[in-house]
2 protein chains.
Amino acid sequence: MIEDRPRATMDDVVALAKRRGFIFQSSEIYGGIGGFFDYGPLGAILKRNVKDAWWRETVELRDDVVAFDSSVIMHPSTWIASGHVAQFHDKLVDCKVCKHRFRADHLASLEKCPDCGSAHSFTEPRDFNLMMQTAIGPMEDSASRAYLRPETAQGIFVNFKNVYQTARKRPPFGIAQIGKSFRNEITPGNFTFRMREFEQAELEYFVPDDGNDMNVYEAWVTARKRWYSTYGVREERLRFYELTPQERPHYAKAGTDVEYLFPWGWGELESIAHRGTYDLDAHMKLSGKDLAFFDEATKTRYTPILIESSAGMDRTTLTMLVDAYETETIEDAESGKSSTRTVLRFHPKIAPVQVGVFPLARNKPELVERARSIERALRPYARTTYDEGNVGQLYRRQDEIGTPFCVMVDYDTLADGTVTVRERDSMRQERVAADGLRAYFVDRL
Amino acid sequence: MIEDRPRATMDDVVALAKRRGFIFQSSEIYGGIGGFFDYGPLGAILKRNVKDAWWRETVELRDDVVAFDSSVIMHPSTWIASGHVAQFHDKLVDCKVCKHRFRADHLASLEKCPDCGSAHSFTEPRDFNLMMQTAIGPMEDSASRAYLRPETAQGIFVNFKNVYQTARKRPPFGIAQIGKSFRNEITPGNFTFRMREFEQAELEYFVPDDGNDMNVYEAWVTARKRWYSTYGVREERLRFYELTPQERPHYAKAGTDVEYLFPWGWGELESIAHRGTYDLDAHMKLSGKDLAFFDEATKTRYTPILIESSAGMDRTTLTMLVDAYETETIEDAESGKSSTRTVLRFHPKIAPVQVGVFPLARNKPELVERARSIERALRPYARTTYDEGNVGQLYRRQDEIGTPFCVMVDYDTLADGTVTVRERDSMRQERVAADGLRAYFVDRL
């Protein structure tokens with residue numbers, strides 16, 4: 001057994017995501033569009049926090065990684081060099097009778113169409129490229145064809161020389177970016193797990209060929225393990241699967257898939273790979289431009305080895321939501337009655353709202369005013385919200401959106417300046433001086 | 001005269017942007033692709049700071065604006081309702097002789113082709129839609145057609161009901177998002193000013209029809225003025241141009257364009273508009289879904305009025321770069337010799353690097369070690385960099401990337417624990433205790 005209580009189903013998570021404004025189907029009023037989702041008020045902040053946490057640890061706190069932000073649409077030759085034009089395919093078959101189209105590898109058999117039942121009605125499998133195409137410029141001809149990037153990494157590779165020269169960096173160093181990518185998935189699904197538009201955080205770390213490359217690779221695997229653990233993803237639902245030589249591309253010396261145990265099974269969040277010099281070589285070959293590193297000190301020239309970490313930010317956001325979700329039975333201390341509560345146990349740095357502030361009674365202007373003023377004073381230092389209403393409902397609501405702390409302003413507050421702070425997970429309450437709240441939360445958030 | 005020194009040309013700014021790694025042409029090794037640019041290590045941080053500053057003031061510090069993040073690709077009916085399918089056009093003409101294509105409104109005359117000189121050779125002007133198209137799903141037919149959004153706002157409008165219900169908000173309140181948009185501009189140009197892929201920050205603020213709408217509109221104009229001023233954009237190069245009734249769309253009650261005086265002239269950064277109920281009405285009409293606000297308290301139903309602020313984040317980033325750029329003559333106090341320096345006078349919150357830390361001599365391990373350790377200690381609290389080399393060159397380099405403060409570690413540091421802090425604009429230096437640097441910079445950054 002992985003755990004001792006029943007897990008939430010995806011239906012539970014999807015329903016809460018909709019009800020509380022985390023995630024909506026895109027363009028819902030027009031019937032939606034398959035594979036596209038919108039982040040609502042809480043979801044947009046949740047995803048922003050996930051991205052900021054990645055950026056903080058991968059770029060800001062390190063002195064060996066620089067930032068980058070390349071365009072979604074690049075010169076189409078980029079995707080010839082990368083192999084995406086020739087190889088980024090699914091095999092599709094058409095039923096000649098009902099005209100329906102299927103992914104060949106999703107069919108149990110190619111003998112009989114599952115939709116209309118016709119036998120031997122399929123066309124030969126044909127390649128279907130997953131890159132979305134568009135046209136650039138005033139003419140719609142083949143010269144104007146462009147692709148929406150299916151990954152952000154290539155924007156870094158083609159700029160490698162620009163970056164190391166202007167940032168005055170020498171390997172080992174990394175280049176990181178977060179941005180949207182697009183893939184025309186045949187079968188999007190599992191909520192925001194497999195979308196057609198998604199966001200990636202990619203780190204491309206370049207090292208000299210000095211025999212230390214596998215140590216750097218291992219260090220990044222360790223750093224990424226630490227990241228998930230720092231932000232509270234349960235260890236028992238996370239696995240770092242080391243690819244066998246057969247599972248890796250021919251040029252890759254090592255690879256690890258980071259997977260999370262979703263309600264439907266293990267799903268890939270991230271891939272960490274030792275890619276050798278494959279990517280820079282491919283762009284040098286097609287462009288005829290030099291992307292090797294020239295070391296001014298030693299006057300030597302070499303193509304650095306690449307260690308890559310490529311993480312899905314939507315998938316990581318979904319992981320935070322699924323992993324945090326719990327339903328538990330709680331007992332009221334006074335009445336002894338038991339009830340259930342849904343609680344999202346977000347890490348405080350990830351939680352969309354960190355502190356909820358309420359007056360004990362909404363019809364007492366002096367309590368309302370005091371609560372509002374406490375919320376305003378905390379706002380520059382924490383993600384806060386003000387709310388009012390029935391006390392039990394207020395706590396229930398904040399539990400359900402994962403707010404780690406609630407502050408209740410009551411009549412004692414008016415008398416002695418203290419408030420009740422209630423912690424989400426333990427539901428423990430303590431009295432804290434209102435004017436000490438900022439320091440109290442700085443330590444805890 | 002707007003100012004008393006000669007201004008930088010765009011060539012100066014573009015050259016510095018390339019040389020120091022702010023902005024590169026996209027896919028340069030393949031010859032580039034018109035209308036697309038990449039942000040290098042410093043540019044990516046600069047743009048991130050601009051976006052964060054907008055987000056901080058527009059969302060985080062306010063309790064009446066919630067976050068949103070909608071997909072680039074939406075249901076195509078969105079763009080029928082918004083009017084973009086029918087009206088988002090440029091008029092183009094083709095020369096029947098040389099086959100070249102032109103924007104009709106860019107030609108001095110329709111009599112004679114400027115490229116081949118033929119007379120009366122143009123076709124009738126035809127509409128050219130500026131939205132980029134793609135296809136979604138496994139079939140490439142008209143049913144699979146989709147558009148890359150030309151603006152982020154529509155993602156907010158179609159979700160208005162989802163948002164107000166789940167976030168439990170009632171007008172007046174706003175919904176904000178930052179994200180990529182795409183327009184197939186016929187003539188991209190002026191560096192990153194007119195691109196085909198760009199990022200917008202949009203605030204949609206919904207108000208009841210209670211006679212207070214023009215005050216809210218004015219308050220947003222004031223808030224946006226304050227934003228530019230807070231982050232240091234020179235007032236004399238900024239203008240808030242109020243649109244005349246003839247310049248506004250028929251449904252708009254008021255509109256203000258925020259413009260900056262670039263080296264080539266005034267360019268629009270942002271538009272602030274009172275759009276009435278036009279947008280929600282259009283989506284209600286086409287979708288048949290109710291997007292009106294239902295007030296539970298008063299049991300009344302109404303379509304709120306919209307006040308919009310739509311700002312270009314790439315244009316604002318370019319503004320920061322252009323506005324900060326200065327070349328000045330400085331005199332060496334000892335030698336009396338004068339020289340010129342290029343300095344970017346970024347606001348400290350916007351500057352990609354906030355503090356540079358150097359040892360006085362790179363070949364003294366105790367100075368190097370001390371400087372590195374000071375830089376490491378400051379890194380969690382500021383955007384820092386460590387560098388070493390010739391003192392004059394170190395300062396010159398930081399001036400050119402706009403670093404507001406430099407810290408020099410010298411022999412006195414080893415003796416008494418103080419360092420020299422040099423301020424970028426005044427070039428004044430002062431001795432500060434190294435272990436007081438964190439507090440020193442918290443006050444100044």
Side-chain angles (χ1 to χ4, degrees), chain A residues 19-21 24 26-34 36-41 43-45 47-48 61 63 66-75 77-78 92 101 128 132-139 146 148 155 158-159 162-163 166-167 177 180 184 186 196-197 283 287 289 379-380 386, chain B residues 19-21 24 26-34 36-41 43-45 47-48 61 63 66-75 77-78 92 101 128 132-139 146 148 155 158-159 162-163 166-167 177 180 184 186 196-197 283 287 289 379-380 386:
Chain A
R19 185 170 72 247
R20 290 300 185 196
F24 307 118
S26 168
S27 325
E28 199 180 68
I29 64 169
Y30 293 110
I33 172 169
F36 298 89
F37 287 87
D38 294 341
Y39 288 89
I45 304 288
K47 184 174 165 188
R48 187 179 165 86
L61 291 179
D63 64 1
V66 298
F68 207 73
D69 187 3
S70 62
S71 57
V72 168
I73 294 176
M74 302 175 62
H75 192 289
S77 291
T78 308
L92 297 189
R101 189 169 276 191
F128 175 78
M132 291 188 200
Q133 292 189 23
T134 191
I136 301 300
M139 317 292 267
L148 309 195
V158 300
N159 278 289
N162 272 339
V163 173
T166 60
Q177 80 169 320
K180 284 271 175 92
N184 194 5
I186 308 302
R196 287 175 168 148
E197 173 181 337
H283 286 295
S287 71
K289 297 279 161 46
R379 181 166 279 267
Y386 169 86
Chain B
R19 185 169 72 246
R20 290 301 185 195
F24 306 118
S26 168
S27 327
E28 199 180 67
I29 64 167
Y30 294 111
I33 172 168
F36 299 90
F37 287 87
D38 294 341
Y39 289 89
I45 304 289
K47 184 174 165 188
R48 187 179 165 87
L61 292 179
D63 63 2
V66 298
F68 207 73
D69 187 3
S70 63
S71 57
V72 167
I73 294 176
M74 301 175 62
H75 192 288
S77 291
T78 308
L92 297 190
R101 189 168 276 189
F128 175 80
M132 291 188 200
Q133 292 189 23
T134 191
I136 301 300
M139 319 291 268
L148 307 195
V158 300
N159 278 289
N162 272 339
V163 172
T166 60
Q177 79 169 320
K180 284 272 174 93
N184 195 5
I186 309 301
R196 287 175 168 150
E197 174 181 338
H283 286 294
S287 70
K289 297 280 161 44
R379 181 166 280 265
Y386 169 87

Atom group of [X] that falls short of 4.5 Å from chain B, counting heavy atoms:
{"X": "A/N184", "answer": "side chain"}
{"X": "A/R19", "answer": "backbone"}
{"X": "A/N162", "answer": "both"}
{"X": "A/L61", "answer": "both"}

### Query
Taking every heavy-atom pair that is under 4.5 Å apart, which of B/G40, B/A167, B/G34 has the most such pairs with chain A?
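The answer is B/G40.
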With the side chain counted from C-beta on, respond yes when [X] and [Y] share a heavy-atom pair under 4.5 Å apart, and no when they do not.
{"X": "B/Y39", "Y": "A/S70", "answer": "no"}
{"X": "A/E28", "Y": "B/V158", "answer": "no"}
{"X": "A/I73", "Y": "B/M132", "answer": "yes"}
{"X": "B/K289", "Y": "A/Y30", "answer": "no"}
{"X": "A/L148", "Y": "B/L148", "answer": "yes"}

Of the backbone (N, CA, C, O) and the side chain (C-beta and beyond), which part of [X] lies under 4.5 Å from a heavy atom of chain A, both, or neither?
{"X": "B/F24", "result": "side chain"}
{"X": "B/L92", "result": "side chain"}
{"X": "B/N159", "result": "side chain"}

#### Entry: Donor-acceptor pair, side chain of B/D38 and main chain of A/D69, under 3.5 angstrom
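Looks like no, no N/O pair under 3.5 Å.
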### Query
Among A/S287, A/G21, A/A44, which residue forms the greatest number of heavy-atom pairs with chain B at distances under 4.5 Å?
A/S287
